[in-house]
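Heads up: the structure comes next, in structure tokens.
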Amino acid sequence: MASAVPLAALALLPILNQEIDTYWPTMPLRSSMAAQIEKESCITLKHSKCWNTRAELKTDREYGFGLGQITITKKFNVFEELKASNKGLRDWKWEDRFDARYQLRAVVIKDLQSYERIKGAATSMDRLSFTYSAYNGGLGGVIKDRSLCASTKGCDNSRWKGHVELTSFKSKVAVKGYGQSFYQINRGYVDHLINLQPRRAKYIPYMGN
């Protein structure tokens, strides 16, 4: 099992567990958060950016860095928003943005903030699915998609799988350079973190569930 986990992850998984213990001890599926780090940072499991705190994405429209690809654009700055939202991140300096503990703490806190704001989910797994959709595409998008589901016959907006998963205002036209639409990217993001395969299973021995 250890051989299936990226080598760089082995040193960081204990820190991730510590940050979850501190900031979100009731997190319902810890292995999904490890899968999230892999999804955000690993082009392949052997790529140099995989579980690399110095992983960066630079385009004309955005800059993202680290294990959770904290994003900064002309319209919003997630780094500053997170610092302002939680005292545990208040002392995080820009020149220390590649610090592993702060990066993992930021992911835990950002996920927890969305989880706490999502109400009326049928189960903790539905709530977590909404949370990961929000991490990838924004909490506002989740709220709009749940509203659309509520007005769609046969759709239960308290449930993700087969319900809100299928109803969305996100574009279903493939985006140049991505090969998928924003809808497909967002739904695939959730699927990769919640389902046992292909990412999450290997982290269960290290995360506990």
Side-chain angles (χ1 to χ4, degrees), residues 16-37 39-40 64 67-71 73 75-90 103-172 181-196 199-200 203-204 207-209:
L16 178 57
N17 266 318
Q18 290 167 9
E19 294 302 315
I20 294 173
D21 286 340
T22 300
Y23 291 93
W24 193 0
T26 59
M27 204 279 171
L29 197 66
R30 289 176 175 233
S31 57
S32 67
M33 198 170 287
Q36 183 179 22
I37 301 299
K39 177 68 174 172
E40 290 287 345
L67 301 170
Q69 284 298 293
I70 303 302
T71 305
T73 73
K75 293 184 177 181
F76 59 86
N77 186 325
V78 175
F79 177 72
E80 292 297 339
E81 290 172 2
L82 282 169
K83 286 180 59 179
S85 71
N86 191 285
K87 64 181 181 180
L89 294 170
R90 205 157 293 162
Q103 287 187 13
L104 292 171
R105 183 176 301 172
V107 173
V108 174
I109 289 172
K110 184 168 172 55
D111 282 338
L112 175 59
Q113 288 174 344
S114 292
Y115 191 85
E116 289 179 332
R117 291 170 184 162
I118 291 165
K119 308 298 182 183
T123 67
S124 60
M125 289 300 100
D126 289 300
R127 195 175 181 184
L128 195 58
S129 295
F130 294 141
T131 295
Y132 287 139
S133 178
Y135 192 99
N136 175 260
L139 184 59
V142 174
I143 293 170
K144 289 179 180 178
D145 287 354
R146 292 185 73 188
S147 177
L148 178 62
C149 176
S151 63
T152 300
K153 185 177 180 180
C155 191
D156 181 350
N157 78 338
S158 72
R159 297 187 179 277
W160 174 262
K161 193 69 175 177
H163 292 274
V164 177
E165 174 192 31
L166 304 179
T167 58
S168 181
F169 284 104
K170 288 180 169 58
S171 171
K172 295 184 179 181
S181 67
F182 287 128
Y183 169 79
Q184 290 172 313
I185 291 168
N186 185 261
R187 272 36 182 183
Y189 189 89
V190 176
D191 190 53
H192 272 240
L193 306 192
I194 297 296
N195 286 343
L196 195 60
R199 299 179 188 277
R200 190 170 67 78
Y203 294 110
I204 294 175
M207 304 302 292
N209 67 356

Do the non-hydrogen side-chain atoms of [X] and [Y] ever get within less than 4.5 Å of each other?
X      : Y      : answer
Trp160 : Ile194 : no
Arg187 : Lys170 : yes
Asn17  : Met207 : yes
Val164 : Leu148 : no
Asn157 : Thr167 : no
Thr26  : Pro28  : no
Val107 : Met33  : yes
Asn136 : Ile185 : yes

Quick one: [atom1] on [X] to [atom2] on [Y], what's the gap to the nearest 0.5 Å?
X      : Y      : atom1 : atom2 : value
Lys161 : Asp156 : NZ    : CG    : 15.5 Å
Asn77  : Ile70  : CG    : CD1   : 10.0 Å
Arg105 : Asn86  : CZ    : CG    : 8.5 Å
Lys110 : Thr131 : NZ    : OG1   : 11.0 Å
Cys149 : Leu166 : SG    : CG    : 8.5 Å
Gln103 : Leu89  : CD    : CG    : 11.0 Å

Check: [Y] main-chain N/O paired with [X] side-chain donor or acceptor under 3.5 Å:
X      : Y      : result
Ser133 : Phe130 : no
Glu19  : Leu104 : no
Glu165 : Gly162 : yes
Arg127 : Tyr115 : yes
Tyr135 : Ser114 : no
Ser171 : Phe182 : no
Arg159 : Ala121 : no
Lys87  : Ala84  : no

Assess whether side-chain contact (heavy atoms from CB on, under 4.5 Å) is satisfied between Thr71 and Phe76, documenting all intermediate values. CA-CA 8 Å; Thr71 305; Phe76 59 86; 4.1 Å; yes
With a distance cut-off below 6.0 Å to the six-membered ring centre and an angular limit of 45° from the axis, does Arg30 pair with Tyr203 as a cation-pi contact?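 So Arg30 doesn't make the cation-pi contact.
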Axial cation check for Tyr183 ring with Lys172, 6.0 Å and 45° limits: yes
Quick one: do His163 and Ser158 satisfy side-chain contact (heavy atoms from CB on, under 4.5 Å)? Show the steps, please. CA-CA 8 Å; His163 292 274; Ser158 72; over 6 Å; no
Check: Asp126/Ser129 side-chain N/O donor and acceptor closer than 3.5 Å: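 No, because no side-chain N or O of Asp126 sits under 3.5 Å from a partner of the opposite role on Ser129.
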Going through the checks in order, is the side chain to side chain donor-acceptor pair (under 3.5 Å) test met by Gln184 and Tyr189? CA-CA 8 Å; Gln184 290 172 313; Tyr189 189 89; over 6 Å; no
Test side chain to side chain donor-acceptor pair (under 3.5 Å) on Ser32 and Arg200; report intermediate values, then the result. CA-CA 6 Å; Ser32 67; Arg200 190 170 67 78; over 6 Å; no
Step by step, work out the side-chain contact (heavy atoms from CB on, under 4.5 Å) result for Met27 and Leu112. CA-CA 8 Å; Met27 204 279 171; Leu112 175 59; over 6 Å; no
Search all heavy atoms of Arg146 against all heavy atoms of Gly120 and return the closest pair with its distance.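 Smallest heavy-atom distance, with atoms named: NH2-O, 3.4 Å.
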So Ile204 and Leu196, side-chain contact (heavy atoms from CB on, under 4.5 Å) or not? Walk me through it. CA-CA 9 Å; Ile204 294 175; Leu196 195 60; 3.6 Å; yes
Apply salt bridge (Lys or Arg N to Asp or Glu O under 4.0 Å) to Lys39 and list each qualifying residue two or more places apart in sequence or on a separate chain. none
Who passes salt bridge (Lys or Arg N to Asp or Glu O under 4.0 Å) against Asp111, sequence neighbours left out? none
